[in-house]
Asker: 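My structure is below; once you've seen it, I'll send some questions.
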Amino acid sequence: MSDLLDDPIPGQNTPEYSVSEISGEVKKTLEGSFGRIRVRGEVGRVFKARSGHLYYDVKDDRSVLACTTWKGQIAGLSVVPEEGLEVVVTGRLTAFGAQSKYNLNVDEVAVAGQGALMALLEKRKKQLEAEGLFAPERKKQLPYLPQIIGVVTSPSGAVIRDILHRLRDRFPRKVLIWPVAVQGANCAPEVARAIEGFNKLTPGGALPRPDLIIVARGGGSIEDLWGFNEEVVARATAASDIPLISAVGHETDTTLIDFVSDRRAPTPTAAAELAVPVRMELLAWTGEQGARLSRAATDAVQRRSQRLRDLSRALPRAETLLDTPRQRLDQVSERLPNALIRGVQNRRVKLLDTSAHLRPSTLRGLVETRRDRWHNLSSRLSLRPIQRELETRRDSLNRLTERLNTAQATRLDRLRQQLDATDRLRETLSYKATLDRGYAVVRAEGDVVTTKSQASKHAVLEIEFADGRLKTGGATKSPIKKAKPDAPDQGSLF
């Protein structure tokens, strides 16, 4: 009896929780106790899932806190977490019951101090330099006088007014302005899209492509200028086919875009001065060069004229140059008739000497000798080997003829069988086989009619059945005899 009245094992009457219930209670406790918090630490492992969500760790020398930033929250981050960066993250602490883990849902990331920003900047700079984005050989030459200048900056600041004023004073040019945010979270993506957008414009189109791009912003702190230190801006600048001038901040400010751009200007006003020359100076220089060219041409003509006069005084008169050749011509013309007569006489004597050796008896003896030699050679030739060779060749020709006839007959039989098979296939696929199953073909004026609207337009219709044709409408109503199958084309092979 004492055993039945004793209490059971201590704690056995404690209420039981399901796994989901205890996970929910833990989550409520965490979120209710902490709410929205800020945590400082060093970014550890960073992983971006295919879904677009960002997973990373924030740690100190003893512990690690798992952090999550959802895909829709990433665009609102002023700084994207990178491994090794010291940051201050802000968000809500929550629990993930499916794996008995807790993490911090981060919607705001800030760099912890200027030293961390400089360390991150130096890290990015070394990475881009290793990839060759700062190499001098990849930088493009600026056009001497661009027709159209594209400016990437804020449309409401003093920077664009300074650039336009300086261009108007030096050399007025057409300017396309691409408005962007020059600080904050939207700065980097908007600047990168602006550079890419200018490059995608068609040269000579409705909105023409600029010959030069200026990326400009006034001075500010490193946090204000941080958008121009983002990797996306640096890579867009390096990929630009249009020469680009960076004019971000004051002369002492340096950003990553300054190293990647084709030319760095200390101020936006200096960028306008690099973009175009001074028009009045150019006109003055052009006039001066034209005057120098005219003077040089006049001096060159005068020097050559004087040189020609000096050389002409050293030459003898034309009459004295022709005296000796004229006298020599007279002497030769006097000697020419006698020389021609002597030449003819010498050739006549030589002809007589040569013809004296050509006698008829000599020629006849030579002909007889050649005839005897020909008879001797012909007597030595026998016709029997030639006849045997002819017989052999005739037998070979007869055998080849028989083989050719046999092959031709075999080929003709095969082709005839193929033709018969094709003709049977044609009969099978012909529409006449369809007529045998009760169908008919309606024609009007020789054309096939397939719809009621077409048939209503004609007074006379011709209907073809399997056993003949019949006209309907009009005066003629006698059936038409069955048409004979079309005869084969007389010009075909079979």
Side-chain angles (χ1 to χ4, degrees), residues 134-155 157-179 194-195 197-219 237-251 253 257-310:
F134 301 167
E137 57 270 13
R138 59 159 296 278
K139 296 183 181 295
K140 296 174 283 296
Q141 185 72 25
L142 301 183
Y144 179 72
L145 186 60
Q147 297 296 322
I148 301 173
I149 299 176
V151 180
V152 180
T153 188
S154 172
V159 171
I160 187 60
R161 291 196 297 272
D162 293 342
I163 293 176
L164 294 177
H165 178 72
R166 200 59 175 166
L167 290 176
R168 185 166 52 251
D169 290 344
R170 291 175 64 86
F171 206 122
R173 297 281 86 185
K174 293 181 179 179
V175 177
L176 293 178
I177 302 174
W178 195 301
I195 297 173
F198 273 137
N199 279 269
K200 291 179 180 179
L201 294 178
T202 303
L207 188 62
R209 180 183 182 185
D211 305 313
L212 179 68
I213 297 176
I214 299 176
V215 179
R217 186 206 187 279
T237 303
S240 174
D241 294 329
I242 304 174
L244 188 144
I245 300 176
S246 64
V248 178
H250 297 304
E251 188 171 359
D253 297 326
I257 192 175
D258 296 331
F259 297 99
V260 185
S261 62
D262 300 302
R263 186 72 66 86
R264 176 186 180 269
T267 61
T269 303
E273 295 175 355
L274 290 174
V276 296
V278 179
R279 184 174 183 273
M280 299 307 298
E281 293 179 359
L282 185 60
L283 290 175
W285 180 85
T286 304
E288 181 183 351
Q289 296 301 316
R292 291 181 58 187
L293 180 62
S294 299
R295 289 195 301 271
T298 303
D299 294 343
V301 171
Q302 292 177 353
R303 287 195 302 270
R304 283 165 175 76
S305 299
Q306 184 63 39
R307 180 64 175 167
L308 180 61
R309 288 193 295 270
D310 295 341

Asker: Looking at OG1 of Thr298 and CZ of Arg295, how far apart are the two atoms once the value is rounded to the nearest 0.5 Å?
Answerer: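 If we round to the nearest 0.5 Å, Thr298:OG1 and Arg295:CZ are 9.5 Å apart.
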Asker: Which value, rounded to the nearest 0.5 Å, describes the distance between Lys174 atom NZ and Asp211 atom CG?
Answerer: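 Those atoms lie 11.0 Å apart.
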Asker: Does CZ belonging to Arg138 count more than 12 external heavy atoms closer than 6.0 Å?
Answerer: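 Yes.
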Asker: Is the shortest side-chain heavy-atom distance between Arg166 and Glu273 below 4.5 Å?
Answerer: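 They are in side-chain contact.
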Asker: Determine whether Trp178 and Val151 satisfy the following criterion, side chain to side chain contact (heavy atoms under 4.5 Å, CB included), listing intermediate values before the conclusion.
Answerer: CA-CA 6 Å; Trp178 195 301; Val151 180; over 6 Å; no
Asker: Is it true that atom NZ of Lys140 has more than 12 heavy atoms of other residues, nucleotides or ligands lying nearer than 6.0 Å?
Answerer: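 Yes.
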Asker: Looking at Val152 and Ala194, what are the two nearest heavy atoms and their distance?
Answerer: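 That would be CG1-CB, 3.7 Å.
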Asker: Quick one: does Thr237's side chain get under 4.5 Å of Val215's, heavy atoms only?
Answerer: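 Sidechains of Val215 and Thr237: no contact.
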Asker: Measuring from atom NZ of Lys139 to atom CD of Glu137, what distance do you get when rounded to the nearest 0.5 angstrom?
Answerer: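 Here the rounded value is 10.0 Å.
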Asker: Do Asp241 and Arg209 have side-chain heavy atoms sitting under 4.5 Å apart?
Answerer: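 With C-beta onward as the side chain, the pair touches.
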Asker: Rounded to the nearest 0.5 Å, how far apart are CD1 of Ile214 and CG of Leu176?
Answerer: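 Those atoms lie 12.0 Å apart.
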Asker: Which heavy atom of Ala247 sits nearest a heavy atom of Thr267, and at what distance?
Answerer: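 Heavy atoms of Ala247 and Thr267 come nearest at CB-O, 3.7 Å.
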Asker: Any side-chain heavy-atom pair from Phe198 and Leu244 closer than 4.5 angstrom?
Answerer: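 Not in contact.
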Asker: Quick one: closest heavy-atom pair of Ser240 and Ile213, and the distance?
Answerer: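 Shortest heavy-atom contact: OG-CD1, 4.2 Å.
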Asker: So, taking the atom named CH2 in Trp285 and the one named CZ in Arg292, what distance separates them when rounded to the nearest 0.5 Å?
Answerer: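 Separation between the atoms: 9.0 Å.
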Asker: Just wondering, do Pro277 and Leu145 contact through their side chains at under 4.5 Å, heavy atoms?
Answerer: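 Side-chain contact under 4.5 Å: yes.
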Asker: Which pair of heavy atoms, one from Leu274 and one from Leu142, lies closest together, and at what distance?
Answerer: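 Distance-wise, the nearest heavy atoms are O-CD1, 4.4 Å.
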Asker: Give a yes or no on whether the backbone of Val248 and the side-chain of Asp258 come within a donor-acceptor separation of less than 3.5 Å.
Answerer: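 Such a contact is absent between Asp258 side chain and Val248 backbone.
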Asker: Within the 4.5 Å heavy-atom criterion, are Leu212 and Val276 side-chain neighbours or not?
Answerer: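 No, their side chains stay 4.5 Å or more apart.
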Asker: Rounded to the nearest 0.5 Å, what separates atom CD1 in Ile149 from atom CD1 in Ile177?
Answerer: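 Here the rounded value is 11.5 Å.
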Asker: Distance only, no hydrogens: is a donor on one side chain within 3.5 Å (strictly under) of an acceptor on the other, for Gln306 and Arg303?
Answerer: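 Side chains of Gln306 and Arg303: no pair found under 3.5 Å.
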Asker: Is there side-chain contact between Pro210 and Leu201, with at least one heavy-atom pair below 4.5 Å?
Answerer: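 Yes. Closest side-chain heavy atoms under 4.5 Å.
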Asker: So, do Arg279 and Arg170 sit near enough that their side-chain heavy atoms are less than 4.5 Å apart?
Answerer: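 The answer is no, as the side chains (C-beta and beyond) never meet within the 4.5 Å cut-off.
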Asker: Determine the minimum heavy-atom distance between Asp262 and Ile242, stating which atoms define it.
Answerer: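 Smallest heavy-atom distance, with atoms named: OD2-O, 4.1 Å.
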Asker: Start with the C-alpha gap between Met280 and Leu283, add the side-chain angles, then the distance that decides, and say whether side chain to side chain contact (heavy atoms under 4.5 Å, CB included) holds.
Answerer: CA-CA 5 Å; Met280 299 307 298; Leu283 290 175; 4.3 Å; yes
Asker: Can you name the closest pair of heavy atoms from Ile160 and Ser154 and give their distance?
Answerer: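 That would be CG2-O, 3.9 Å.
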